[in-house]
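Quick caveat, the model's predicted, so the values are computed rather than measured. Protein chains get the first letters and strands the later ones, always in sequence-line order, with residue 1 at the start of each.
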Amino acid sequence: MSDLDRLSLHVPEPAVRPGGEPDFSNVKIPKAGSVPRPEVDVAPEEIRDLAYSIIRVLNRDGEAVGPWAGLLSDDELLAGLRHMMTLRAFDARMLMAQRQGKTSFYMQHLGEEAVSCAFRKALNKGDMNFPTYRQAGLLIADGYPMVEMMNQIFSNESDPLRGRQLPIMYSSKEHGFFTISGNLATQYVQAVGWAMASAIKRDTKIAAAWIGDGSTAESDFHSALVFASTYKAPVILNIVNNQWAISTFQGIARGGSGTFAARGLGFGIPALRVDGNDYLAVYAVAKWAAERARRNLGPTLIEYVTYRVGAHSTSDDPSAYRPKTESEAWPLGDPVLRLKKHLILRGAWSEERHAQAEAEILDEVIQAQKQAEGHGTLHAGGKPSVRDIFEGVYAEMPPHIRRQRQKAGY
Amino acid sequence: MARMTMIEAVRSAMDVSMERDDNVVVFGEDVGYFGGVFRCTQGLQAKYGKTRCFDTPISESGIVGTAIGMAAYGLKPCVEIQFADYMYPAYDQITQEAARIRYRSNGDFTCPIVLRMPTGGGIFGGQTHSQSPEALFTHVCGLKVVVPSNPYDAKGLLIASIEDPDPVMFLEPKRLYNGPFDGHHDRPVIPWSKHDLGEVPEGHYTIPIGKAEVRRRGSAVTVVAYGTMVHVALAAAEETGIDAEVIDLRSLLPLDLDTIVKSVEKTGRCVVVHEATLTSGFGGEVAALVQEHCFYHLEAPVVRVAGWDTPYPHAQEWDYFPGPARVGRALVEVMEA
Ligand SMILES: Cc1ncc(C[n+]2csc(CCOP(=O)(O)OP(=O)(O)O)c2C)c(N)n1
Ligand SMILES: [Mg+2]
């Protein structure tokens, strides 16, 4: 023993802290188009490399290149751009509304719009997402009315969830959007169960599980992987690696595994990493995974490499734990600007049309907001009834809750 | 003495404990560099280094499981669960492991850990930032359960908890972090700096776990409360003009039964209040004990005021929270009975 040094505890640290120069030199970014596209029935052990690379389609010049390119038409891409722009405008307005006291809390997607917006387009009607709080693009891209989202955010008299849930914790079975839990990771394994049910019933629907980088540390994440692996469940296991979990950098959850995608390897689950700020790449990889699932080939794990540009939530101030300019140094750029550039290069879009679309979208969002505010905001105007506290705990209200409701005067 | 908020008092308790004992370590989600989402551990990593105060992966079972392992080695972990609502992934480690290690090994191994967790509502946090799970701990044999109601107690009780040889669940009413909230949400919060119990010694002191404190002497009715509801009960007593004796339990387990019994023997009436849901809540335990020990002194049935038996809603927060009006009605009811 005498020749051994004493032990010491390893505690990972991000490369820079406030006051330092942002540094992403450790993020290895392969050239767009350089990662091969395997057949969907490939054996997982043959594509282990994909868990350590980054699939990219859009290059610096805005061209779509390589084997994952060429899946989407001009119209589809224009719709995608519109969804991302809508989500961004929606976020900006709702953040402002929160600051004005119209609601208690908000969480935005800034920089991550491509992930949920493009993913939704790879699913079919009837498929089910088990989202976190940062995938509202799944609703926007599926045409869920913004007014309904705002009614929920304002907890007003038309709130589809009757004031019970924290803002942005939407639910819509019709739009394939499972009710959001505030407890992290719980839903990841539920998605696997939903997918297993679809297989048990010999259905054709698939499920998508969603989780953030930080939350992959929860046990439910690992339970999901083992069940998905064992039963070859028709599920897409999504990890949105936006580099941060509140103040905690992704290295704390990732530990020594190199990438989050690599977590899938030990379970024999094909694992891919993709440029999360590249609408075309997100769509292509999601489509690949969806096809695997639909062909009964089992689960796929996808890590979206992106960056949380904004604060974690309206309760957070990131300047306390990361350099203020870090988002500008993020090497994968802005998903909206990258798709815009590509569409202009394709001849399908222009600066003028973009500016015009921005104005139109802002107007749509403002109109929706006006309509929603007509139904009330958290502290003013129409609100859900106090009765709604007591309804819906059970299918049928038990006597003790009825007594309590009466005691409350309703 | 210094003026401290409850956040500063809790931080000071950890600071004092880490200073005195190298074996005290502090960790949890966002507690290291950033100092916790409520800033309770701010500055501790800078002062004691990142092997004594650090960020963890988001895994409550991991946090509590590793704390138990460290305690088995001989450390004294004081860990943070970001919100009490997030302790459930660790419930197995807490109830099946931490609570029983001493018993099942006949003292061969022990588990001196502290789990700090912000508890209770009043911040529009919805169903996953508002829960009061204390009864899920008091029902488990082997755990101690502490709920302070002010900075002075918070510091003394937290130091006592860290020094305690057994696992302590330390629930910090988040609505009290910055001031003594009495349920009047439409009035500005009085800061702790304007309150006697915001006066906190800078150094080491302890408050024994298991000792209640009478916050208001009275002869008409005994109100048993803890955490935020202590302040609500005091407001209700003032507003109804009913001469209530308000007991702040401070520790639910062990429970200071003597103080409760003495008071109820004097007043003959008892109201128990908590934010947590009614059914199988801690109020049921207190009511049963009062019935067992004070039956012949009681002039009226024991009344409980609690959160409704539903999940904690978002928009209807103030219809859910048992504020001074509801407690006041119970006081009137028990006086008229
Ligand atoms: C079980 C549980 N523990 C802790 C929290 C508190 N919490 C909410 S969001 C969050 C960070 C999650 O980070 P990540 O998974 O990376 O997702 P992101 O916010 O970056 O999208 C934490 C710790 C929670 N909601 N649930
Ligand atoms: Mg994250």
Pick one of side chain, backbone, both or neither for [X], based on which atoms fall under 4.5 Å of a heavy atom in chain A.
X: B/Thr279; answer: side chain
X: B/Gln42; answer: neither
X: B/Glu60; answer: both

task: Return the orientation label for the B/Phe34 and A/Tyr321 ring planes: parallel under 30°, perpendicular over 60°, tilted otherwise.
output: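 It falls in the perpendicular class, over 60°.
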Counting only heavy atoms not in [X], do more than 12 sit closer than 6.0 Å to its [atom1] atom?
X: A/Lys324; atom1: NZ; answer: no
X: B/Tyr91; atom1: OH; answer: yes
X: A/Glu21; atom1: CD; answer: no
X: B/His185; atom1: NE2; answer: yes

Options [options], ranked by heavy-atom pairs under 4.5 Å with chain B, top entry:
options: A/Pro167, A/Gly255, A/Ser8, A/Ser315; value: A/Pro167
options: A/Val386, A/Thr248, A/Asp316, A/Val393; value: A/Thr248
options: A/Ser219, A/Ala408, A/Ala253; value: A/Ala408
options: A/Thr103, A/Leu166, A/Asp159; value: A/Leu166

Nearest 0.5 Å, please: how far is [atom2] in [Y] from [atom1] in [X]?
X: A/Arg322; Y: B/Tyr33; atom1: CZ; atom2: OH; value: 12.5 Å
X: A/Ile252; Y: B/Ser59; atom1: CD1; atom2: OG; value: 13.0 Å
X: B/Glu29; Y: A/Leu184; atom1: CD; atom2: CG; value: 7.5 Å
X: A/Phe105; Y: B/Phe124; atom1: CZ; atom2: CZ; value: 14.0 Å
X: A/Phe390; Y: B/Asp319; atom1: CZ; atom2: CG; value: 8.0 Å
X: A/Arg164; Y: B/His314; atom1: CZ; atom2: NE2; value: 14.0 Å

Please classify the contact between [X] and chain B as side chain, backbone, both or neither, with a heavy-atom cut-off of under 4.5 Å.
X: A/Arg405; answer: neither
X: A/Ile389; answer: both
X: A/His379; answer: side chain

- prompt: Which one, B/Leu278, B/Val37, B/Thr51, leads in non-hydrogen pairs under 4.5 Å with chain A?
  reply: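 Of the candidates given, the most pairs with chain A belong to B/Thr51.
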query: Do you know which of B/Tyr88, B/Tyr86, B/Tyr312, B/Tyr320 has the most heavy-atom pairs with chain A at a distance under 4.5 angstrom?
result: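 Winner by heavy-atom pair count: B/Tyr86.
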query: Is any residue of residues 326-334 of chain B within less than 4.5 Å of chain A by heavy atoms, and which ones?
result: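 Residues of residues 326-334 of chain B touching chain A at under 4.5 Å: B/Glu333.
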Check: B/Phe54 ring centroid to A/His10 ring centroid under 6.0 Å: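 Between B/Phe54 and A/His10, the centre distance exceeds or equals 6.0 Å.
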- prompt: Less than 4.5 Å apart, any side-chain heavy atom of A/Asp388 and any of B/Gln316?
  reply: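 The answer is yes; the side chains approach within 4.5 Å.
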field: Close side-chain approach of B/Gln82 and A/Ile246, heavy atoms under 4.5 Å
entry: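 Sidechains of A/Ile246 and B/Gln82: in contact.
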query: For B/Thr128 and A/Asn183, what are the C-alpha separation, side-chain angles and deciding distance, and is it a side chain to side chain donor-acceptor pair (under 3.5 Å)?
result: CA-CA 7 Å; B/Thr128 56; A/Asn183 300 63; 4.8 Å; no
